[in-house]
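Below, chain A is the first sequence line, B the second, and so on; all start at residue 1.
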Number of protein chains: 4
Amino acid sequence: MSGTMDGTKRQRRGDTRQRIQDVALELFAEQGYEKTSLREIAECLDVTKAALYYHFKTKEEILVSIFDDLTQPILDLIEWGRRQPHTLETKQEIVRRYSETLAGAAPLFRFMQENQATVRELRVGETFKERMQGLREIIIDPHADLVDQVRCVSAIFTLHAGMFFLQELEADPEKKRAAILEVATDLVTQAHHNA
Amino acid sequence: MSGTMDGTKRQRRGDTRQRIQDVALELFAEQGYEKTSLREIAECLDVTKAALYYHFKTKEEILVSIFDDLTQPILDLIEWGRRQPHTLETKQEIVRRYSETLAGAAPLFRFMQENQATVRELRVGETFKERMQGLREIIIDPHADLVDQVRCVSAIFTLHAGMFFLQELEADPEKKRAAILEVATDLVTQAHHNA
Amino acid sequence: MSGTMDGTKRQRRGDTRQRIQDVALELFAEQGYEKTSLREIAECLDVTKAALYYHFKTKEEILVSIFDDLTQPILDLIEWGRRQPHTLETKQEIVRRYSETLAGAAPLFRFMQENQATVRELRVGETFKERMQGLREIIIDPHADLVDQVRCVSAIFTLHAGMFFLQELEADPEKKRAAILEVATDLVTQAHHNA
Amino acid sequence: MSGTMDGTKRQRRGDTRQRIQDVALELFAEQGYEKTSLREIAECLDVTKAALYYHFKTKEEILVSIFDDLTQPILDLIEWGRRQPHTLETKQEIVRRYSETLAGAAPLFRFMQENQATVRELRVGETFKERMQGLREIIIDPHADLVDQVRCVSAIFTLHAGMFFLQELEADPEKKRAAILEVATDLVTQAHHNA
DNA sequence: TATGAATGAGGGTTCATTCAT
DNA sequence: TATGAATGAACCCTCATTCAT
């Protein structure tokens, strides 16, 4: 994932590039993209700002690299989805897998969710939109009733929202994830049955 | 330097405060809070930055004033909801009214949605969270099954997301609004029936 | 909104000018000239900034007017001193009177002492310097030994500093004033006897 | 006016921090703290304002750093004084050494003297007050007569005032310094003998 | 006698970015 | 691989002052 040139010994003490990504994502998610300065990131890592520029061309590129690394699973999921028959089981599986992807990169998705205005003017914004469009295509039947199309989109956003908005609901996190997944699955199931 | 001599825009008299709010909301919604500078707002209004400070103490206060003005209906709705019996009809009516409120102040809610990271550190963030908590209280039955609680939150979030995220779905806006409302209503209805 | 309509507090009528001076001096002495804004003064008085400009042409003029009002006694003292014989008794009386003058306008002198850098570029700075020069002339014998000249200046400065710097010495204020006066008197006395 | 082409000032390499302090102190002393803007300091050095922020976190920190550097001798003097017996000779030596310290950092002390109102709200204000308190403790006998205590304080302030207030007295600077020192020494001597 | 509304200049501060070393 | 030093643009905000009403 990190050292792309030779796969042998590239992750010894001081894989700075990776550490930058980690800290940056943490801060981006916590405080937002704009409010997180390169100075802050550098200080967290105990390096100078200039060091960041050795590893990344711009602030935006740090974000892009994180995004690209962490959203690969979505790309895979979409590609997989496209090759499947449009059955109910497929859609349910997509929902399940997407739920897992979200859980696996929660900070990034939280970040994307909470910084939409910012991200919209960034390259990742456009890319993310495309990904979501791809997701919609494999889950929505374009000939279905409008209401059912909305159900599918709602399913996706329920998963999203579930990650962050539902933290106020106090309950066992695992049970919550299961409940969210159930509601989302329910929505695509209803949408499918009406067809 | 600007148009001080031509008498074309002479109906602005004492409405500057309102005009600041209007322009600010528009820009905040379009570009985000951080990316919108007071210089920009001032330029749009053809006044100086200092003029803004005659009407508002800080940049944040501009946002607060907009927020307070436009979210009053939510407060009213919550108060109304608290006094109603917890019937299905009540919940459906709440969803319907909330949908209307959202439509009536779409730019603000879009802004809140898209600038969560920023807004979280602002006073409006806290206030908004409280409002949402109030909404949840009148729509969620705390003794209900967890899945049904998630359904209700999903309903609210569907309304929110629907306002902005569904712009990709091409269809008549009115029909879309109706479809969204139907899905949200459906969700609270299912939640209620399981009880 | 501010309680201007109820006629209960009618003794402030036409005394606004005086009230501005009072508040201004208090704030100038407390926070310094630069740190005290006209906005602050206006707010303390519950009037608008523009009102200040009805009574005074500039911020500086507020200070000038205060200064002129309160330092008249020094002018009188100097004029009196010029007409007296240069005896020891005269000098001692000058010290005594000056001490009284200082006590009678303590906030202003504290202000002048603590804002020398600022005041130097203001009109009052020049005026004050002239006054001090006048004082020196009636208390210092230009033909005296340099050390004795220094003694006289030291006497004056002891009176000044005593007003404010000696607040750390804990003692009865009246006794402190008496002690300060005694030291100052002593200094001019020594200076005189050496002649 | 800016002289960027002539190669005269090519020895500045890594000494920027020091140069900032030098110029800042000069301007602070000349015009006062508030009236001296960072823009002005930067222009004098032919760098940008932002460059100042590379070396110092805030405007106040520039002052603090200057203060800390230049008042170290006072700290040393106090420490020395504490370890000496409270004899007349010690006190006289303290006065002598303090006089030297003042002469060695005249611009700073002039600044402190003339910007008391400003400095009072700054960190250096508090620190300076503590230093002066320390000085008082080693020169004043707390059981002495109040008048004699005042004499000692007066001695200190005579030294201070001498640096700046006595510039009007026209005489050879060296002689003036000697005269001032004599008056101050005299004061502590008198105070001591009365005990 | 005041006020409401506005201005122009300037304040300190922060930022992403650059580049020689 | 990094750092030290610096920049230019922009930021939010405050100020004394003005003037029509």
Within this structure, what is the [atom1]-to-[atom2] distance between [X] and [N], rounded to whole angstrom?
| X | N | atom1 | atom2 | value |
| --- | --- | --- | --- | --- |
| D/I41 | E/dG11 | CD1 | C1' | 13 Å |
| B/E43 | E/dG8 | CD | P | 13 Å |
| B/D46 | E/dA6 | CG | P | 12 Å |
| A/K35 | E/dC15 | NZ | C1' | 14 Å |
| A/L27 | E/dC15 | CG | C1' | 16 Å |
| D/Q31 | E/dG11 | CD | C1' | 15 Å |
| D/Y54 | E/dT13 | OH | P | 18 Å |
| D/I20 | F/dA6 | CD1 | C1' | 11 Å |

How would you summarise protein contacts on nucleotides 16-21 of chain F per nucleotide, using B for base, S for sugar-phosphate only and - for none, with heavy-atom distances below 4.0 Å? BBBB--

Using a 3.5 Å limit on both distances, find every run of at least three consecutive Watson-Crick or G-U pairs that involves DNA chain E. E:2-21 with F:2-21

Pairwise distance CZ(B/F28) to NZ(B/K59) - rounded to 0.5 angstrom: 5.5 Å

Roughly how far apart are B/I62 CD1 and B/Y53 OH, rounded to 0.5 Å? 7.5 Å

